[in-house]
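Residue numbers begin at 1 in each chain, while the letters A, B, ... track the order of the sequences. Only heavy atoms go into these numbers, but all of them, side chains included; no hydrogens, no water, no symmetry mates.
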There are 2 protein chains.
Amino acid sequence: MLSLHQLRCFLATYEHGSLTAAAEELGYAQPSVSEQIRGLEKTLGVSLFRRVGRGVVPTTVADTLRPHAERTIAAAEETRLAAQRVRRLETGTIRFGMFGVARLYAGAGLVADVLARHPGVRVELVGQNSTEVQEDLRRGRLEAAMVAIPNVTSEGMDVIPVARDELVYISADPERLTSPATAARLAKASLVMPDTTYRADDSVRIILRRMLHETGLNPQTRIEVEDPEIAVELVGMGLADSVLPRGAAEQLLPRLAPNAGFVSLRPRQWDYFAIVHRSGATLSPAAQLMIELATARIQAIAEPVR
Amino acid sequence: MLSLHQLRCFLATYEHGSLTAAAEELGYAQPSVSEQIRGLEKTLGVSLFRRVGRGVVPTTVADTLRPHAERTIAAAEETRLAAQRVRRLETGTIRFGMFGVARLYAGAGLVADVLARHPGVRVELVGQNSTEVQEDLRRGRLEAAMVAIPNVTSEGMDVIPVARDELVYISADPERLTSPATAARLAKASLVMPDTTYRADDSVRIILRRMLHETGLNPQTRIEVEDPEIAVELVGMGLADSVLPRGAAEQLLPRLAPNAGFVSLRPRQWDYFAIVHRSGATLSPAAQLMIELATARIQAIAEPVR
DNA sequence: TGGTTCTCAAGGAGATTCCTATGCTTTCAC
DNA sequence: GTGAAAGCATAGGAATCTCCTTGAGAACCA
């Protein structure tokens, strides 16, 4: 079987016109190079050097093959260098999951942070849909992700909470903002809920359900949408109210629903943001970088945990 | 150290998303492929696959490296194919030595013969100068040659005579062509002698010296030139006479000295043509081809030996 | 939950690689 | 010519690598 080692020996021998000199350059003993050349001649079925007393002389076959050998070695070297560049994050792709509302805390800014440190890399921030992120993580297509979670455990996954943010009630009706939203008021409200978290069950919904369950009531979700942006727009149009983490509300309201405002819940509730990856996985430098930067971003807006 | 084997395993695994499937394609057991991948990851210092329960999933690093690996494998394959093409004489260079008068017997026609059989090859017919050919053979730069020889032995060389041709006396003076040239007449003639053979000592000269030595006379070489063509032209101008193998004379006289003619020597003398190569060498198919074709060509004009 | 399909780990056989030492041929200098 | 030097081939042995088989553990699917 053809090997790079043989080609390396071939080129060194060709250039020096001597097995001994080639061996010296490669740091081997002369018989080793001799053996490699013989092996190469055998695998290719051609004679590459004429053994002529003192030294060896390349045949015309060797002349013909040399450029090919050089190209092959160069390609291999390029492969090695590409790996090195990727390892140093000078190039390559960094893929990171970030679902729903989390990207409002650390979306474009996070990408900017990465590019500032590593201008050559490609960044992929995936997460259109919560189940997709979850599936990607489970299947290994995604190494790590920043997500909002309903609870801090998940089988087969390491979930590391990094921040929490208070949930707030959002409405375009000023009357509903005069006092904190209680369970009773939430039960009567008609709500638009975005799908913002990692598990199929949205964390905000779980929290609300728990809150209302204690009062014996059920939440009335009138509208379900995917993006928090759409939910906020609908709130702005007065078609429904909503519940979102405060940071998201502060970011979206001025832009999408300037006539709306928000108040705390009573009792106050928190949504948690966490880093998630497969249990026991050794994280790549790229993933560690993303985790570090995403955590910094989100902790600048929401309240750090631990 | 990076190896083609590792890259082959990498690509097969990447394409199948499975070590087992890759192993099956490559005809190995699965742990072997696993080991190769692990080795590649170690030499490159990057993680290429995420081991995820059932199967493996390529990382973004693997995505980046794949085209490089493919190029490297393709280059190696191209090297292998190039060797194969050379071996089949579909391409490559065939170098063959052919000195002096020999090329008049098998020069352009020989090249035509080679190209008719192997249209893709490059042909190099070397031999400006006899000492050069000899040196090239000795040094291994030339595998084999067709030469005129003064005697059939040469140290370190295998010399295989293939044909002989009668030496003839050439002159532009019709009076000197009325009867065979004797040693006495040769001794008195003023001759132009080309340098036509393999050893530093020209075979024709040696023959003449031997011939005249028996009569106690010495040859008078008036002019020395390299090419037989120039010698014949000088004969045509009447400036000197010459001695050449008959086939060469028949070929050159009509073209370069139409007013000249030739007669035999008395006693008749022969110049020998032989294949020469290093003793004990295993000849390449290309060299064997050249020897075969050159022999056929020369035997069509001169008298076959053995 | 049980069966199937994976990967990983360990151990051993065989091949390869690489070394040192030595012999043989060619080349070079005196 | 003859001896010394240079350079390749060969031989033998140690270390490494490659590859296999077997068995264990994990994850998926019904």
Hey, does [X] reach any base, or is it just sugar-phosphate, or nothing, if we go heavy atoms under 4.0 Å?
X        : answer
A/Arg138 : sugar-phosphate
B/Gly27  : sugar-phosphate
A/Gln36  : sugar-phosphate
B/Arg38  : sugar-phosphate

Within the supplied structure, the quantity of interest is the number of heavy atoms (other residues, nucleotides, ligands) at a distance under 6.0 Å from A/Glu24 CD; does it exceed 12?
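No.
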Specify the separation, in whole Å, of atom [atom1] of [X] and atom [atom2] of [N].
X       : N      : atom1 : atom2 : value
A/Phe49 : D/dG7  : CZ    : P     : 15 Å
A/Glu24 : C/dC19 : CD    : P     : 13 Å
A/Met1  : D/dC19 : CE    : P     : 9 Å
B/Leu19 : C/dT7  : CG    : P     : 4 Å
A/Tyr28 : D/dC8  : OH    : P     : 18 Å
B/Gln30 : D/dA24 : CD    : P     : 16 Å
B/Glu35 : C/dG11 : CD    : P     : 14 Å
A/Glu41 : D/dA9  : CD    : C1'   : 13 Å

For B/Gly17 and for A/Val52, locate the closest nucleotide of DNA chain C by heavy-atom distance; then report the residue assigned to the nucleotide nearer the 5' terminus.
B/Gly17
When you match A/Gly55 and A/Pro31 each to their closest nucleotide on DNA chain D, which lands nearer the 5' end?
A/Gly55
Out of [options], which has the shortest distance to the side chain of [X]?
X        : options                : value
B/Ser18  : C/dC18, C/dC6, C/dC8   : C/dC6
B/Arg139 : C/dC28, C/dT20, D/dC19 : C/dC28
B/Ala29  : C/dC19, D/dC20, D/dC8  : D/dC20
A/Ser34  : C/dA9, C/dC6, D/dA9    : D/dA9
B/His5   : C/dC18, D/dC19, D/dC8  : D/dC19
A/Arg278 : D/dA27, D/dC20, D/dT18 : D/dA27

Between [Y] and [X], is there a side-chain donor-acceptor contact under 3.5 Å, judged purely by atom types and distance?
X        : Y       : result
A/Glu25  : A/His16 : yes
A/Thr79  : B/Thr72 : yes
A/Glu143 : B/Thr59 : no

side-chain contact (heavy atoms from CB on, under 4.5 Å) between A/Ile291 and A/Phe96, worked out
CA-CA 9 Å; A/Ile291 289 171; A/Phe96 190 70; 4.0 Å; yes
With the threshold set at 4.0 Å, does a side-chain nitrogen-carboxylate oxygen contact exist between B/Arg85 and B/Glu78?
yes
Under 4.0 Å between a side-chain N/O of A/Arg51 and OP1 or OP2 of D/dG7, yes or no?
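So the side chain of A/Arg51 is outside the cut-off, no N or O lying under 4.0 Å from OP1 or OP2 of D/dG7.
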Is the distance from OP1 or OP2 of C/dC19 to the nearest side-chain N or O of A/Ser32 less than 4.0 Å?
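Yes, within the criterion.
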